[in-house]
K.L.:
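Input: one structure, supplied below.
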Amino acid sequence: MKSIVNVVLQIVGGLFILAAFLQWITFDYPDVSPYIPFAIFAPGMMSQMINWIFVCLLGTIGFVMIGFARREKRNSGDDERG
């Protein structure tokens with residue numbers, strides 16, 4: 001069961017990192033950006049700052065999920081050995 005949860009955490013974490021990359025790369029092209037909620041992401045300095053915060057938040061969540069899964073995998077491997 002733990003291995004299934006670890007795999008799911010890694011997949012979801014990877015999806016968060018992919019979402020952060022897509023948000024970052026499509027900011028200058030609002031027609032293809034998947035996360036344009038309202039005018040808050042209209043071009044400008046303030047919207048760019050909010051975009052970077054959003055990108056960092058998505059990426060951080062993804063990396064934390066992957067790191068948590070790897071740590072649990074490493075810890076469960078130690079328990080099985082003795």
K.L.:
Atom CZ in Arg71, atom NZ in Lys73: separation rounded to 0.5 Å?
P.N.:
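Arg71 atom CZ to Lys73 atom NZ measures 15.0 Å (nearest 0.5 Å).
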K.L.:
Quick one: closest heavy-atom pair of Gln10 and Ile66, and the distance?
P.N.:
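For Gln10 versus Ile66, the nearest heavy atoms are O-CG1, 3.9 Å.
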K.L.:
Taking all heavy atoms of Ile17 and all of Gly59, pick out the closest pair and write down the distance.
P.N.:
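Reported closest heavy-atom pair: CG1-O, 4.2 Å.
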K.L.:
Any non-hydrogen side-chain atom of Phe16 less than 4.5 Å from a side-chain atom of Phe63?
P.N.:
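They are not in side-chain contact.
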K.L.:
What is the distance from atom CG of Leu22 to atom CG of Leu15, rounded to the nearest 0.5 Å?
P.N.:
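So the gap between those two atoms works out to 10.5 Å.
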K.L.:
Could you check Val7, Val12, Val5 and say which one makes a side-chain contact (heavy atoms from CB on, under 4.5 Å) with Leu9?
P.N.:
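Single pass found, and it is Val5.
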K.L.:
Would Val8 end up clustered with Leu58 when hydrophobic side chains under 4.5 Å apart are linked, directly or stepwise?
P.N.:
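Val8 and Leu58: one cluster.
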K.L.:
Apart from Met1 itself, what residues make up its hydrophobic cluster, given side-chain heavy atom links below 4.5 Å?
P.N.:
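Other cluster members: none.
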K.L.:
Taking atom CG of Leu57 and atom CH2 of Trp52, what is their separation to the nearest 0.5 Å?
P.N.:
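The distance works out to 13.5 Å.
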